[in-house]
Protein chains: 2
Amino acid sequence: MKLQQLRYVWEVARHGLNISATAESLFTSQPGVSKQIRLLEDELGVQIFARSGKHLTHITPAGQAIVEMAGRILQETGNIKRVAQEFRDERRGTFAVATTHTQARYWLPLRIAEFMRQYPEVRLQMHQGTPGQIGKMAAQGEVDVAIATEALEVSEDLLMLPLYQWNRSVVVPRGHPLTHTDTPLTLEALVSYPIVTYVSGYTGRSQLDRAFEARHMRPNVVFTASDADVIKCYVKLGLGVGVVANMAMDPETDSALVALSARHLFPTSTTRLVLRRHSFLRRFTYDFFLLLAPHLTRERVDAAMNARSQEEVDAMFAGVPLPVF
Amino acid sequence: MKLQQLRYVWEVARHGLNISATAESLFTSQPGVSKQIRLLEDELGVQIFARSGKHLTHITPAGQAIVEMAGRILQETGNIKRVAQEFRDERRGTFAVATTHTQARYWLPLRIAEFMRQYPEVRLQMHQGTPGQIGKMAAQGEVDVAIATEALEVSEDLLMLPLYQWNRSVVVPRGHPLTHTDTPLTLEALVSYPIVTYVSGYTGRSQLDRAFEARHMRPNVVFTASDADVIKCYVKLGLGVGVVANMAMDPETDSALVALSARHLFPTSTTRLVLRRHSFLRRFTYDFFLLLAPHLTRERVDAAMNARSQEEVDAMFAGVPLPVF
DNA sequence: GCCGCTTACGCCATTCGTAAGGATC
DNA sequence: GATCCTTACGAATGGCGTAAGCGGC
């Protein structure tokens with residue numbers, strides 16, 4: 001049994017049982033991967049992958065268990081490497097974050113900048129994607145942490161910590177009728193205009209839908225995008241009224257627009273930090289968390305890592321005040 | 001990073017930082033082990049072992065963490081092998097048990113015999129040792145399960161399940177004065193005779209000491225042994241009155257002796273099953289547990305395996321009736 | 001002076017890549 | 001017919017054992 005064989009098995013399982021694609025992604029030859037897997041199967045005396053002719057069709061029950069354990073082994077080898085790097089020089093290393101556009105564009109920049117100022121030798125890799133992709137990247141250890149708002153699948157191996165809470169703003173061009181009233185904005189007023197907002201599955205869109213649904217209103221969503229930049233652009237063109245996250249408004253660059261608080265119209269959303277359990281966290285990772293939110297102390301993060309279930313983590317943060325936007 | 005390098009590192013740590021001894025125990029050459037460890041250190045960029053000249057003196061902090069993680073990896077590779085073997089043929093395999101003389105000689109034989117009848121193809125390895133040795137063997141994964149009475153160190157990686165409870169008997173030669181009274185045995189009567197019993201640290205000896213101490217009595221323990229066979233032998237020679245575990249009396253072979261129940265004199269002892277956490281248990285292992293005690297169902301064992309702490313396990317079995325001897 | 005780790009070196013096993021073969025969709 | 005896995009083979013790499021060197025105790 002070799003570590004590489006375990007890696008090959010795990011990667012092939014991850015790549016939909018396609019050895020060729022796996023080999024390519026690992027920058028090695030396809031026969032090499034094929035042979036090593038076969039050697040491991042011979043050594044263990046069980047098939048890991050079921051084959052029909054010369055195609056891998058599915059994972060055998062034994063293979064299922066083996067892939068799972070191989071995953072844990074590979075994670076632990078990653079931990080060894082991180083520990084070694086930490087002891088070699090705690091200021092150097094790489095740090096991978098996966099997040100959505102909203103976070104990457106509006107909430108993270110200042111915090112990331114401060115982090116890079118504190119740790120100029122750390123290579124920071126930002127991966128952007130849909131909440132689903134982000135969750136997968138975290139689960140498979142491709143990134144160290146993920147940051148997302150929409151609910152991710154609760155997994156045994158993942159851990160979600162509340163990061164901050166935020167509300168929404170309604171965005172309209174200067175001079176728009178909604179800016180002419182002194183009374184606070186109402187859902188009734190809002191629903192009479194065409195709406196421009198996030199695509200379903202992004203940045204708390206589901207919360208928005210639920211708020212209208214609870215009042216039996218059917219908003220006329222004329223345009224959706226996965227990021228606020230695009231949304232604001234179309235609002236400027238007069239296509240409709242925008243509904244975006246508070247953090248997405250910047251008074252300077254958005255001087256052509258007016259933001260009206262919609263805090264009282266929609267429920268508050270919570271953005272969460274996603275961690276992989278049993279992973280070794282480097283010192284700069286803990287410092288990064290503290291930069292994101294002061295309640296994410298090393299003690300709390302460690303306690304959450306040792307929690308048995310996501311429910312326990314949630315209970316742990318139940319009374320903790322979060323930053324609100 | 002190679003699995004073998006991790007194994008070498010782990011084994012060297014286990015062998016008191018003696019590379020030569022480690023190499024010998026692994027049936028390989030000493031320079032080979034030395035070189036592989038050095039290669040791993042080079043690759044990781046950190047020293048795992050601190051060297052003074054050409055001797056390993058201690059484990060570095062980084063090494064400490066690495067050895068720990070290597071241990072988990074090696075355990076997981078063992079699990080993979082066991083899973084593979086289980087799927088290859090669930091009736092074959094090897095099964096290693098560590099236990100004390102008392103269990104091996106008196107309580108286990110019939111149960112082991114039944115197990116071997118059910119699984120004739122399983123190779124059963126019985127390791128005998130002191131409770132301390134047994135605990136160590138279980139902790140390091142040298143055996144699949146351990147069975148012992150004396151309290152073992154509570155460890156993160158070990159799990160203790162109650163197996164059965166037992167009491168003590170006072171053993172005397174036929175015609176001994178203690179057999180001439182009709183009243184139940186008392187500690188006062190017992191303490192007036194020289195006593196032959198277990199060595200400290202074996203088979204609940206501590207419970208016995210505590211019982212006398214609670215009454216401020218100082219028994220005259222003239223001879224101690226680590227097993228009941230030896231104790232009974234000396235009782236037959238008239239050296240003193242024996243105090244042994246109930247299970248250690250066999251009416252047939254011990255016809256020269258009379259056993260008087262001492263259940264009311266000493267507290268009940270509990271013999272425990274010791275498991276390593278995160279280890280894959282084969283089907284025959286679960287069956288073995290059921291043979292040992294009917295309350296050790298697969299569900300209970302799995303639940304205990306997932307428990308967070310030993311306290312939680314204890315709570316789990318608080319209301320469960322155990323076999324009593 | 002003995003023990004124990006490291007270095008040096010040659011042999012053997014293993015791995016990897018290229019090329020060709022055969023099965024499935 | 002395109003895709004994909006397996007087999008075959010030669011080159012390169014790497015692990016292992018023996019022998020020698022050298023620093024501690």
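Residue numbers start from 1 in every chain, and the chains themselves are labelled A, B, ... in the order their sequence lines are given, proteins ahead of strands.
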> CG of A:L40 versus C1' of C:dT14: gap in Å, rounded?
Replying inline: 15 Å

> What is the distance from atom CD of B:Q128 to atom CZ of B:R105, rounded to the nearest 0.5 Å?
Replying inline: 10.5 Å

> Between CZ of A:R82 and OG1 of A:T94, what distance do you get to the nearest 0.5 Å?
Replying inline: 8.5 Å

>> To check you understand the geometry: which heavy-atom pair defines the closest contact between B:L3 and B:L74, and what is its length?
In response: O-CD2, 4.3 Å

> CZ/B:R123 to CD/B:E121 distance, rounded to the nearest 0.5 angstrom?
Replying inline: 10.5 Å

> Starting at CD1 of A:I48 and ending at C1' of D:dC5, how long is that distance when rounded to a whole Å?
Replying inline: 16 Å

> Within 45° of the ring axis of A:Y286 and under 6.0 Å from its six-membered ring centre, is that where the NZ or CZ of A:R298 lies?
Replying inline: yes

Measure all distances between protein nitrogen or oxygen atoms and nitrogen or oxygen atoms of nucleotides 15-18 of chain D, and list the pairs falling under 3.5 Å.
residue, atom, partner, partner atom, Å
D:dG15, OP1, B:K2, NZ, 2.7
D:dC16, OP1, B:Q4, OE1, 3.3
D:dC16, OP1, B:Q4, NE2, 3.2
D:dG17, OP2, B:T28, OG1, 2.6
D:dG17, OP2, B:S29, N, 3.0
D:dG17, OP2, B:S29, OG, 3.0

>> So that I know where these two stand, are A:F288 and A:Y119 an aromatic pair - ring centroids less than 6.0 Å apart?
In response: no

>> Closer than 3.5 angstrom, by distance alone: can the side chain of A:Q47 be matched with the main-chain N or O of A:F49 as a donor-acceptor pair?
In response: yes

> Rounded to the Å, how far apart are B:R38 CZ and C:dT7 C1'?
Replying inline: 10 Å

Can you check nucleotides 23-25 of chain D for protein contacts, nitrogen or oxygen pairs under 3.5 Å, and list what you find?
none

>> With side chain to side chain contact (heavy atoms under 4.5 Å, CB included) as the criterion, how do A:H127 and A:V97 come out once you've worked through the C-alpha distance, each side chain's angles and the decisive distance to 0.1 Å?
In response: CA-CA 6 Å; A:H127 295 259; A:V97 182; over 6 Å; no

> Between A:R276 and A:Q75, is there a donor-acceptor pair closer than 3.5 Å when you use the side chain of the first and the backbone of the second?
Replying inline: no

> A:F284 and A:V122: which non-hydrogen atoms are nearest, and at how many Å?
Replying inline: CD2-CG2, 3.6 Å

> What is the distance from CG of B:D42 to C1' of D:dG14, rounded to the nearest Å?
Replying inline: 15 Å

>> Without decimals, in angstroms, what is the distance between B:R51 CZ and D:dC22 C1'?
In response: 15 Å

> Does anything in residues 10-25 of chain B reach DNA chain D, meaning a heavy atom under 4.0 Å, and if so which residues?
Replying inline: none

>> Under 4.0 Å between a side-chain nitrogen and a carboxylate oxygen: does that hold for A:R51 and A:E41?
In response: yes

